[in-house]
Protein chains: 2
Amino acid sequence: MDRQKIKEAGLKLTPQRLAILDYLRDNLEHPSAEDIYKAILERFPTMSFATVYNTLETLREKGAIQELTIDPQKKRFDPNPRPHHHLICNRCKKILDIHIDYQLHVPEEKKNGFEIVGNHIEFYGICPGCRLKMSGMQS
Amino acid sequence: MDRQKIKEAGLKLTPQRLAILDYLRDNLEHPSAEDIYKAILERFPTMSFATVYNTLETLREKGAIQELTIDPQKKRFDPNPRPHHHLICNRCKKILDIHIDYQLHVPEEKKNGFEIVGNHIEFYGICPGCRLKMSGMQS
DNA sequence: TATTAATTGATAAATATTATCATATTGAAA
DNA sequence: TTTCAATATGATAATATTTATCAATTAATA
């Protein structure tokens with residue numbers, strides 16, 4: 001439940017935060033701050049853009065959501081804070097979750113002295129929709 | 001050789017392009033457009049910021065360099081266009097190459113109809129320098 | 001060398017994000 | 001409950017990054 005997520009993070013429960021988490025929950029689109037703002041504005045006309053950014057940053061900081069750097073144009077947000085990987089369409093930039101637990105071992109001599117704490121895999125490809133569109137035209 | 005790289009890409013050989021590729025070659029820092037601009041400006045005072053962006057985008061488009069989306073603040077560029085992975089320091093955001101050939105199999109039922117053509121792994125950790133700094137302080 | 005098509009550089013514009021701060025709201029204490 | 005301090009919001013300004021525009025310049029070739 002969203003209320004719990006906010007409480008657990010030690011944050012105050014505000015309608016704005018609930019609206020953002022409500023929109024994010026079950027959202028598979030990995031929306032940008034603007035996407036979120038626009039979507040919520042319809043039901044919540046007083047929502048400010050700044051609040052969207054504030055809230056997203058706060059939630060990320062508290063580990064309640066994930067910020068994705070996949071899109072070179074803008075940040076995108078993932079309601080699932082647990083480690084998982086992503087499947088990205090090279091054409092339309094659609095992003096899907098992909099849950100596979102790979103055991104990626106890095107030999108000591110390749111660690112460059114780093115202490116490795118996690119990883120994230122981006123799989124690139126072409127989504128079904130774009131493949132259809134492409135088959136209808138020449139390259 | 002840089003000249004070849006440019007020729008092969010079907011591009012005109014300009015001093016600006018040479019300067020950028022020269023700076024990028026053997027550079028392990030994965031610099032941003034601004035880093036590149038500033039560094040080159042010292043030896044090449046007429047270089048324009050727009051040209052840096054133009055050139056980087058053109059080179060990327062032709063497959064001569066890689067654009068990294070690892071840094072949420074800005075794009076960073078990698079002189080090595082061949083697939084490889086990256087090791088990122090969570091603290092100072094230093095980025096190092098990591099060359100390991102993992103065979104990442106994605107079962108058909110997890111592909112969501114995508115045709116997968118590649119992948120990129122980001123390993124997160126703390127670099128030796130930051131570990132040292134951290135050991136000297138409380139969290 | 002002359003030609004032309006590509007490239008550069010100056011600058012403006014667009015986009016995305018962060019900062020500022022007065023006002024409003026939440027949650028806890030009285 | 002009401003009160004109050006800390007936190008959050010919303011309006012807006014500021015900053016940062018990237019892209020677009022376009023006249024002037026330059027590279028490649030004929």
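Convention: sequence-line order gives letters A, B, ...; per-chain numbering from 1. As a basis for the values below, the full set of heavy atoms in this structure was taken, side chains included, without hydrogen atoms, waters or symmetry mates.
For the pair B:Tyr37 OH and D:dA16 P, the interatomic distance rounds to 16 Å; values are reported in whole Å. Rounded to a whole Å, the CD1 atom of B:Ile70 is 17 Å from the P atom of D:dT17. One can place CG of B:Asp35 at 14 Å from C1' of D:dA16, the figure rounded to the nearest angstrom. Distance CZ (B:Arg60) to P (D:dT18): 13 Å, rounded to an integer number of Å. In this structure, the CE atom of B:Met47 is 8 Å from the P atom of C:dT8, given to the nearest Å. With rounding to whole Å, B:Lys7 atom NZ is found 7 Å from D:dA28 atom C1'. Protein atom CG of B:Leu56 is 10 Å distant from nucleotide atom P of D:dT19, rounded to whole Å. One can place CZ of A:Arg3 at 11 Å from P of C:dT26, the figure rounded to the nearest angstrom.
OP1 and OP2 of D:dA8 both lie 4.0 Å or more from every side-chain N or O belonging to A:Gln16. In this model, the phosphate group of C:dG9 is approached by a side-chain N or O of B:Thr51 to a distance below 4.0 Å at OP1 or OP2. B:Thr58 has no side-chain polar atom (N or O) that falls below the 4.0 Å cut-off from OP1 or OP2 of C:dT7. Of the side-chain N and O atoms in A:Thr14, one or more sit less than 4.0 angstrom from OP1 or OP2 of D:dT9.
Considering only residues two or more places apart in sequence or on other chains, B:His85 meets the ring pair (Phe, Tyr, Trp, His ring centres under 6.0 Å) condition with none of them.
No hydrogens or angles considered: a donor-acceptor pair under 3.5 Å links the side chains of B:His86 and B:His120. Side-chain atoms of A:Gln4 and A:Asp2 form no donor-acceptor pair, as typed in the model, at a separation below 3.5 Å. A donor and an acceptor atom, one from each side chain of A:Thr51 and A:Asn54, are nowhere located under 3.5 Å apart. With 3.5 Å as the limit, one finds a donor-acceptor pair spanning the side chains of B:Asp97 and B:His30.
Along DNA chain D, the nucleotide closest to A:Pro15 and the one closest to B:Leu13 are compared, and the more 5′ of them pairs with A:Pro15.
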With 3.5 Å as the limit, what N/O pairs link the protein to nucleotides 15-20 of chain C?
residue	atom	partner	partner atom	Å
C:dA16	OP1	A:Lys74	NZ	3.4
C:dT17	OP1	A:Lys75	N	2.8
C:dT17	OP2	A:Tyr53	OH	2.6
C:dT17	O5'	A:Tyr53	OH	3.4
C:dT18	OP1	A:Lys75	NZ	3.1

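Environment of NZ in A:Lys5: crowded, with over 12 heavy atoms of neighbouring residues, nucleotides or ligands closer than 6.0 Å. Applying the 6.0 Å contact sphere to CD of A:Glu57 captures more than 12 heavy atoms from other residues, nucleotides or ligands.
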